[in-house]
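Report on one structure; see the data block that follows.
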Amino acid sequence: MMGGGAIQLSPVHLGEEEERLVLEVLRSGRLAQGPMVERLEAAFRELVGTTHAVAVNSGTSALVAALQALELGPGDEVITSPFTFAATLNAIIEVGATARFADILDADFTVDPRAVEAYVGPRTAAIMPVHLYGHPADMAGLAQIATRHGLSLVEDAAQAHGAKAAGRAVGSFGLGCFSFYATKNIATGEGGMVTTDEEKLADRIRLLRNQGTREPYGYEIRGHNYRMSELHAAVGLPQVSKLPDRNRRRAQNAARLSASLAGMPDLQVPATAPGRTHAFHQYTIRVTRGAPERRDRLAARLAELGIETKVYYPRVVYDYPCFRSHPQVRRDPAPRAEAAAREVLSLPVHPWLSDQDLDRIVEGVRSVAHSGPRNVPG
Ligand SMILES: *Cc1c(COP(=O)(O)O)cnc(C)c1O
């Protein structure tokens, strides 16, 4: 075993700029929804290329606010991915709509546009792709389907800051929903953003964010408190300009891992679809034989070597008692997503990995593959 400390999956690195801006906020006497939030919104508009970016207090709030802005509710169906974090589904359920799940593509873990279109019916109101691990869904294909059937597009871009598809940033195809949770490519602890080109929707999200009011006690609609704090905005702002470099580092690290791991038996490295830019929030391999036991043994072995890994996600999202029989969840079989849940393992790919860290990860994975038949179930 090589030397060195533990290699984390999602370490947090904040610098002097973040400290300086947080201090500026602390000294300003303005703690919520002020000039720092507006600066973050301006930086994010620039990043995504939309005319509006509305900051909120989490990625989940971003998803809920987006669906509420579209006035989705009971009777409306939203087609999404079964291979996602619970927030995607919780947002649909929260607004009263019904979730349907289109199976994913084996190649990149995002929804298969043909599976999406097969579920479009009279109740379908929106398509909600998830850019899982930072890989953009097929937005060109999904946008065509949305246009053909008059559907809204809500992108769960919580893991995909800076990713691109069809020459555009994710989050610019409809309503884009981003998270700044502590592990994301931009991390403020908690926080989120909704991006859109539509003035009306942006205005509505700003209203929803602030109890349905523009002015104190001038309630126009039923709202909520989705406001971001100035402190969180201060932590996020410097990271927006650092994002392109950091995403490039992630992609370089991914390329290095793949150069060494590709071609190993029963192991698949992540692919990037042509014309798309992967944000590599996660670098996720598939252990294709002996799943999930062999995958779990690899994770355990890497943990022994001080290499943190994680399974995102061990089950498809509808496969939990609280969702399985939920009246707003329509479960259609998604065998490709279910297979992925048994096979995936995310390895560290973050921008602060050294060459030596990357070598340790590769050697760790190889040591399991080469450690003989006792590790291979019959
Ligand atoms: C993180 C995440 C969310 C939710 O974001 P929060 O900021 O944690 O509320 C939603 N969807 C996906 C795919 C995520 O990874």
Side-chain angles (χ1 to χ4, degrees), residues 9-10 12 37 40 44 53-68 78-95 99 101-102 104 108-111 126-137 139 142 153-163 165 170-171 174-195 205 208-209 224-229 231-233 235-236 239 250 270 278-284 310-318 320 323 337 340-341 344 346 349-350:
L9 195 59
S10 307
V12 174
V37 169
L40 181 66
F44 220 77
V54 185
V56 292
N57 54 15
S58 75
T60 308
S61 295
L63 293 165
V64 172
L67 296 174
Q68 287 175 333
V78 179
I79 303 174
T80 189
S81 171
F83 199 42
T84 185
F85 184 52
T88 319
L89 176 54
N90 279 329
I92 296 168
I93 293 174
E94 180 160 336
V95 302
F101 301 98
I104 60 168
D108 63 24
F109 306 105
T110 66
V111 280
I127 307 173
M128 198 161 168
V130 181
H131 306 307
L132 198 70
Y133 309 138
H135 187 286
M139 292 315 297
L142 294 172
L153 262 180
V154 178
E155 301 175 65
D156 183 338
Q159 304 185 358
H161 321 66
V170 302
L175 282 156
C177 302
F178 294 85
S179 165
F180 304 134
Y181 178 66
T183 58
K184 305 289 158 96
N185 288 24
I186 293 176
T188 65
E190 301 283 1
M193 190 75 76
V194 186
T195 50
I205 292 164
L208 288 162
R209 165 173 76 177
H224 209 288
N225 173 8
Y226 300 139
R227 292 183 306 263
M228 178 183 273
S229 86
L231 291 160
H232 290 90
V235 176
Q239 296 180 57
R250 288 175 184 270
H278 198 319
F280 280 105
H281 172 59
Q282 297 296 344
Y283 176 91
T284 303
K310 220 160 171 184
V311 174
Y312 299 108
Y313 297 95
R315 287 154 84 169
V316 294
V317 72
Y318 57 69
Y320 290 83
F323 296 131
V344 291
S346 295
V349 74
H350 62 77

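Whatever order the structure lists them in is the order used to number ligands and atoms, beginning at 1.
Considering only heavy atoms from C-beta on, Thr284 stays 4.5 Å or farther from Pro270 through its side chain. Side-chain contact between Leu153 and Pro129 is present, with heavy atoms from C-beta onward closer than 4.5 Å.
Taking the six-membered ring where tryptophan is involved, the planes of Phe178 and His161 are tilted, since the angle between them lies from 30° to 60°. Using cut-offs of 30° and 60° on the angle between ring planes, the pair Phe323 and Tyr320 is perpendicular.
Among protein heavy atoms, atom 8 (O) of ligand 1 sits closest to Tyr181 CB, 3.9 Å. In this structure, atom 9 (O) of ligand 1 lies nearest to the protein heavy atom Thr60 OG1, 2.5 Å. Given atom 11 (N) of ligand 1, the protein heavy atom at minimum distance is Asp156 OD2, 2.8 Å.
The closest donor-acceptor contact from the side chain of Asp156 to the backbone of Leu63 lies at 3.5 Å or more, if one exists at all. In terms of modelled atom types and a separation under 3.5 Å, the side chain of Arg209 and the main chain of Val56 share no donor-acceptor contact.
Both the backbone and the side chain of Ser58 come within 4.0 Å of ligand 1, judged by heavy-atom distances. Under 4.0 Å from ligand 1, the heavy atoms of Thr84 that appear belong solely to its side chain.
Between Gly59 and ligand 1, an N or O atom pair is found at a separation short of 3.5 Å.
Contact analysis puts Lys184 in contact with ligand 1, with a non-hydrogen atom separation below 4.0 angstrom.
Interface of Ala87 with ligand 1, defined as ligand atoms under 4.0 Å from a residue heavy atom, comprises 3 (C), 4 (C), 10 (C).
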